[in-house]
Amino acid sequence: MQIVEKSAQLPSASALVPTMGALHEGHASLIRQAREISENVVVSIFVNPLQFNDTSDLLKYPRTPESDENLARESGASTLWLPQEDEIYPGEIEKLSAGVVGEKFEGLGRPGHFSGVLTVVKRLFDLAKPEWAIFGEKDFQQLFLIEKMVKEENLKVKIIRAKTIRSEGGLALSSRNIHLDHKDKRAALVIWRALSAADTSADVHQATEAMKLALATEPAFTCEYAVIIDEETFGIATNESKSKRAIIAGWINGVRLIDNRPMSQAHA
Ligand code: AMP
């Protein structure tokens, strides 16, 4: 595996896996999926300051360069790309807009977050010119907005969706889980229980109530939102919505967690 900083050193016809480092098995599965598509798998690690509206969150973001290198190599990356800030953002930055969807849910308490995400992803695409780029469903709103940007800007890159990898019991793997102790992790399993409860009713109202009831059983969890969205618009789903997804965000012991799960087709 090659380790490079400059985009001029990147291979062509690549499958790109953009990350912010602190790599775990979720990232590994994206890399393995990329390897099935292309020999040239580029894993980028760039902690994008533009998507953090809170400086302490940016400073607190975990950094594990040595284990990242091993995980990328062992998962099949051919190139580890460590872009430098001056190549990503030379001079004035023209920020992309994430539109109204960028202001909801994950965007609500973090103004400019999705604009920062789209801006960096577009820069990574412009520099690496990948044929494919792989993103996790774990960050479903991000995936939705990236797919929308690719369509609207007519970009050539093909976006591949990757399933969420979970620990036993259903906790979605996340770099932020580093800040959770054993007890916190056990409490966090309520998120998966609630997402699963949402799938017990075809009716959006009942499913939402089931999710909220499940969340209320865990006093250590503070819910920010727990709703069912229409996958086509990212608005709140109605019973008529074709594909629906339950999405949850909240806090455990000062750590913000998000997760989501599609509602099964049988109920659509
Ligand atoms: P991050 O480094 O957290 O920005 O994540 C980089 C990529 O990995 C994004 O496309 C995420 O959606 C994806 N990802 C993060 N956690 C998981 C997970 N548990 N399962 C699958 N993909 C994930």
Side-chain angles (χ1 to χ4, degrees), residues 18 20 47-61 93-122 135-152 161 164 171-172 174-177 179-180 184 187-188 190-192 194-195 197-198 204-205 207-216 218-238 241 243-263:
M20 298 206 298
V47 183
N48 175 32
L50 215 57
Q51 73 190 69
F52 288 83
N53 52 332
D54 177 348
T55 325
S56 77
D57 197 24
L58 171 63
L59 295 175
K60 219 175 102 183
Y61 201 81
I93 307 160
E94 201 208 310
K95 284 206 205 166
L96 289 175
S97 160
V100 286
V101 174
E103 283 160 25
K104 301 193 223 187
F105 306 118
E106 286 310 286
L108 197 60
R110 306 161 84 189
H113 168 68
F114 283 119
S115 161
V117 169
L118 294 185
T119 304
V120 78
V121 168
K122 174 77 166 36
F135 293 90
E137 288 189 355
K138 159 79 170 42
D139 301 283
F140 199 74
Q141 194 175 359
Q142 165 175 289
L143 178 59
F144 176 93
L145 286 167
I146 291 168
E147 287 176 343
K148 185 163 172 280
M149 170 185 78
V150 166
K151 228 182 266 161
E152 284 173 2
R161 292 180 171 199
T164 302
L171 176 62
S174 161
S175 306
R176 292 174 194 270
N177 294 358
H179 302 300
L180 301 175
D184 299 333
V190 74
I191 300 172
W192 181 244
L195 289 170
V204 170
H205 177 71
T208 309
E209 288 306 304
M211 195 158 48
K212 295 206 160 132
L213 267 178
L215 289 176
E218 177 48 72
F221 183 75
T222 309
C223 181
E224 220 173 79
Y225 60 76
V227 294
I228 293 166
I229 53 127
D230 181 320
E231 288 198 9
E232 280 166 29
T233 60
F234 225 97
I236 300 289
T238 65
S241 298
S243 34
K244 309 181 191 100
R245 188 172 285 254
I247 62 171
I248 291 179
W251 298 81
I252 298 247
N253 199 8
V255 181
R256 193 166 183 285
L257 299 173
I258 60 169
D259 201 354
N260 65 83
R261 172 183 166 150
M263 309 273 288

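Heavy atoms only: backbone and side chains are in, while hydrogens, waters and symmetry mates are out.
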With distance as the sole test, does [X] use its side chain to make a donor-acceptor pair with the main-chain N or O of [Y] at under 3.5 Å?
{"X": "T164", "Y": "K138", "result": "yes"}
{"X": "N48", "Y": "G116", "result": "yes"}
{"X": "S97", "Y": "G99", "result": "yes"}
{"X": "N260", "Y": "E137", "result": "yes"}
{"X": "E103", "Y": "A98", "result": "no"}
{"X": "H113", "Y": "Q51", "result": "yes"}

Taking 4.0 angstrom as the limit, do [X] and [Y] come out as a salt bridge?
{"X": "R245", "Y": "E232", "value": "no"}
{"X": "K60", "Y": "D54", "value": "no"}
{"X": "E147", "Y": "K151", "value": "no"}

Considering all heavy atoms, the nearest E231-P262 contact: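 Nearest heavy atoms, E231 then P262: OE2-CB, 4.1 Å.
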
Grab the two heavy atoms, one from L118 and one from L96, that are nearest each other, plus how far apart they are. O-CD1, 3.5 Å

Just how far is it from atom [atom1] of [X] to atom [atom2] of [Y], taken to the nearest 0.5 Å?
{"X": "L213", "Y": "T208", "atom1": "CG", "atom2": "OG1", "answer": "11.5 Å"}
{"X": "L215", "Y": "M211", "atom1": "CG", "atom2": "CE", "answer": "7.5 Å"}
{"X": "H205", "Y": "I228", "atom1": "NE2", "atom2": "CD1", "answer": "10.5 Å"}
{"X": "F105", "Y": "F140", "atom1": "CZ", "atom2": "CZ", "answer": "12.0 Å"}

With a 4.5 Å heavy-atom cut-off, do [X] and [Y] have their side chains touching?
{"X": "L59", "Y": "F52", "value": "no"}
{"X": "I146", "Y": "F135", "value": "yes"}
{"X": "P111", "Y": "N53", "value": "yes"}
{"X": "V227", "Y": "I247", "value": "yes"}
{"X": "L257", "Y": "L180", "value": "yes"}
{"X": "N177", "Y": "L171", "value": "yes"}

As a quick check of understanding, evaluate side chain to side chain contact (heavy atoms under 4.5 Å, CB included) for D230 and T233, giving each step before the final call. CA-CA 6 Å; D230 181 320; T233 60; 3.5 Å; yes

